[in-house]
Amino acid sequence: MAATIAEKIFSMKCGRTVRAGDVVMAPVDAAMIHDITGPLAVRVFGEMGGKRVYDPDRIIMLFDHQVPADSIPAAENHVFMRRFAEEQGIRNYDLLEGVCHQVVMEKGRAAPGEIIVGTDSHTCTYGAAGAFATGIGSTDMGFVLKFGALYFRVPESILLEIDGAFGRRVGPKDLILSLVGDIGADGATYTALEFTGGAMHDMDMAGRMTCANMAIEMGAKAGIVRPDETTRDYVAARRGVEPLDLAGDADADYRERRHYDVTDLSPQVAVPHNVDNVVDVADVAGTKVDQVFIGSCTNGRYEDLAEAAGVLGTADRFADGVRVIVIPASRTEYLKALRAGLVERFVEAGALVEAPCCGPCMGGAFGLLAPGEVSLSTSNRNFRGRQGSTQASVYLASPATAAASALYGEITDPREV
Ligand SMILES: CC(C)[C@@](O)(CC(=O)O)C(=O)O
Ligand code: SF4
């Protein structure tokens with residue numbers, strides 16, 4: 001019987017045919033917890049009478065939101081989580097490996113057909129590898145840690161067929177921002193987005209992660225990129241085995257089918273204070289910026305830093321008065337950038353390059369904005385107060401637009417640099 005990818009994954013996991021709308025108890029292949037939402041999950045696990053986690057090798061614990069510890073409570077959280085890891089024999093964790101969603105992917109912990117949950121709403125990122133990956137609350141995670149399964153209502157799916165070829169200095173972030181603007185912050189609530197089409201097929205894994213990462217910004221439970229040879233190569237290189245092949249059936253019962261062509265897409269910008277308030281860069285060009293942040297689980301990979309460095313080109317310096325903060329999403333991506341000379345290039349141009357962490361993305365330990373200040377950020381949220389003062393403004397854009405804007409001190413179309 002024709003089925004969507006989400007229906008196929010849940011049917012496989014439940015050992016019977018299930019359909020969108022069915023409520024099922026499904027096994028969880030991997031569970032990710034991090035330093036902000038993890039402690040509560042661990043406490044709930046204890047309150048449920050949990051003594052041993054269901055499988056320590058399926059639990060991934062990462063410290064990324066408040067690292068290095070930026071307060072004594074944060075440090076206490078880290079001690080609490082490290083103790084839990086040690087007592088439970090959880091080996092998949094590292095203090096400074098990087099942002100959770102980058103690390104889960106680069107460690108090969110996501111593969112087509114798997115169900116992965118995380119106590120973070122951007123867990124959907126792993127749909128780039130063909131998994132059904134979704135953010136859950138810390139209470140649900142307490143249940144997963146103990147039982148290794150969770151109740152799900154199998155979501156309806158929206159098929160997104162993306163065709164065409166990106167123009168110069170236009171890429172996956174511009175695509176996903178345009179989709180968020182078109183579908184709306186609540187336009188895909190509780191659905192699974194299924195990304196397919198020529199432009200997705202041509203996209204590298206970094207770009208697919210950028211797209212899957214922002215599925216939640218349309219309310220979606222998951223953002224699954226149809227697996228293909230790029231998926232197979234990425235996963236096989238990390239797992240050493242050929243992953244499952246998986247595709248939604250053309251005649252499956254999709255709630256919606258949408259077609260987009262990226263050929264004429266221009267650089268996109270999400271304007272304060274809503275992620276779905278998306279315009280062409282031309283509509284906000286010339287807006288003065290005080291800070292530019294290049295990083296986050298959305299756009300902190302080597303490919304993103306290289307895109308920004310490409311726009312920087314041979315320019316000596318970023319614009320006077322603009323604070324440029326660059327944060328590679330993981331130690332691996334940082335080392336790639338170091339070895340390619342990108343870090344030196346950013347520092348020479350006046351940027352602050354920080355060790356892998358979430359940083360200014362969520363108004364964490366540093367990079368906070370004062371009232372009236374303006375940030376252009378390659379991250380995924382721009383609600384009021386997200387990066388500091390509720391009187392500050394955050395614009396979201398691609399690494400190329402971020403670099404161009406840092407060069408001129410104002411929002412700038414990267415195609416004009
Ligand atoms: C935990 C929080 C800061 C988060 O990382 C993800 C979440 O909303 O769960 C974010 O980006 O908002
Ligand atoms: S980088 Fe930002 S969006 Fe990603 S997990 Fe950290 S705080 Fe959340």
Side-chain angles (χ1 to χ4, degrees), residues 31-41 60-68 70-71 73-74 77-78 81 96-106 110 116-128 133-141 173 176-177 180 185 206 209-223 270 273-275 293-301 304-305 325-331 333-334 354-369 375 377-388 394 396-397 399 402:
M32 185 284 294
I33 56 178
H34 62 56
D35 56 336
I36 282 204
T37 50
L40 177 57
I60 306 154
M61 184 188 293
L62 290 156
F63 297 64
D64 54 355
H65 284 67
Q66 294 182 293
V67 291
D70 56 8
S71 68
N77 270 346
H78 294 171
M81 297 278 278
L96 295 175
E97 193 66 42
V99 181
C100 54
H101 305 312
Q102 174 60 27
V103 177
V104 167
M105 284 290 291
E106 69 185 30
I116 305 172
V117 293
T119 51
D120 189 284
S121 59
H122 295 102
T123 300
C124 47
T125 304
Y126 325 149
T134 193
I136 62 173
S138 297
T139 306
D140 282 348
M141 184 57 85
K173 184 60 167 289
I176 194 65
L177 283 173
V180 173
M209 290 172 68
T210 298
C211 292
N213 175 270
M214 290 189 73
I216 183 63
E217 307 308 333
M218 296 170 260
K221 285 294 277 186
H273 297 281
N274 293 312
V275 66
F293 167 50
I294 297 172
S296 84
C297 55
T298 315
N299 281 118
R301 279 164 282 284
D304 301 313
L305 274 54
I325 301 173
V326 178
I327 307 183
S330 72
R331 189 171 15 201
E333 299 306 288
Y334 196 167
E354 287 289 341
C357 67
C358 297
C361 175
M362 37 74 100
F366 56 87
L368 293 163
L369 301 171
S375 162
S377 177
T378 65
S379 52
N380 51 33
R381 283 179 175 160
N382 65 344
F383 51 71
R384 206 180 277 282
R386 174 72 177 178
Q387 295 189 0
V394 178
L396 304 177

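Just so you know, these numbers come straight off a predicted model, no measurement behind them. We count ligands from 1, going down the list as the structure has it; atoms in each ligand are counted the same way.
Taking any N or O of Thr37, backbone or side chain, none lies under 3.5 Å from an N or O belonging to ligand 1.
Take Arg381 and apply the side chain to side chain donor-acceptor pair (under 3.5 Å) test, not counting sequence neighbours, and it matches Ser121, Glu217. Taking Thr123 as the reference, nothing meets the side chain to side chain donor-acceptor pair (under 3.5 Å) condition, with sequence neighbours excluded. Residues forming a side chain to side chain contact (heavy atoms under 4.5 Å, CB included) with Ile36 (at least two apart in sequence, or on another chain): His34, His65, Gln66, Met362.
Under 4.0 Å from ligand 2, the heavy atoms of Arg386 that appear belong solely to its side chain. The proximity of Arg386 to ligand 1, defined as any non-hydrogen pair under 4.0 Å, is limited to the side chain.
The backbone N or O of Thr298 sits less than 3.5 Å from a side-chain atom of Thr210, completing a donor-acceptor pair. Using modelled atom types, one side-chain atom of Thr378 and one backbone atom of Gly295 make a donor-acceptor pair closer than 3.5 Å. A donor-acceptor distance shorter than 3.5 angstrom exists from the side chain of Asp304 to the backbone of Gly300, with no hydrogens or angles considered.
The CG atom of Asp35 lies 5.5 Å from the CG atom of Asp64; values are rounded to the nearest 0.5 Å.
Ranking protein heavy atoms by distance to atom 7 (C) of ligand 1, first place goes to Ser121 OG, 3.1 Å. For atom 2 (C) of ligand 1, the nearest protein heavy atom (residue, atom name, distance) is His65 NE2, 4.0 Å.
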Evaluation steps, side chain to side chain contact (heavy atoms under 4.5 Å, CB included), between Glu333 and Leu305: CA-CA 9 Å; Glu333 299 306 288; Leu305 274 54; over 6 Å; no

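Near Asp120, the atoms of ligand 1 lying under 4.0 angstrom from a non-hydrogen atom of the residue are 1 (C), 4 (C), 5 (O), 6 (C), 9 (O). Each of the following atoms of ligand 2 lies closer than 4.0 Å to a heavy atom of His65: 5 (S), 6 (Fe), 7 (S), 8 (Fe).
The aromatic rings of Phe63 and His78 sit perpendicular, their planes meeting at an angle over 60°, well past the 30° parallel limit.
Around atom 4 (Fe) of ligand 2, protein N, O or S atoms at less than 2.8 Å number 1.
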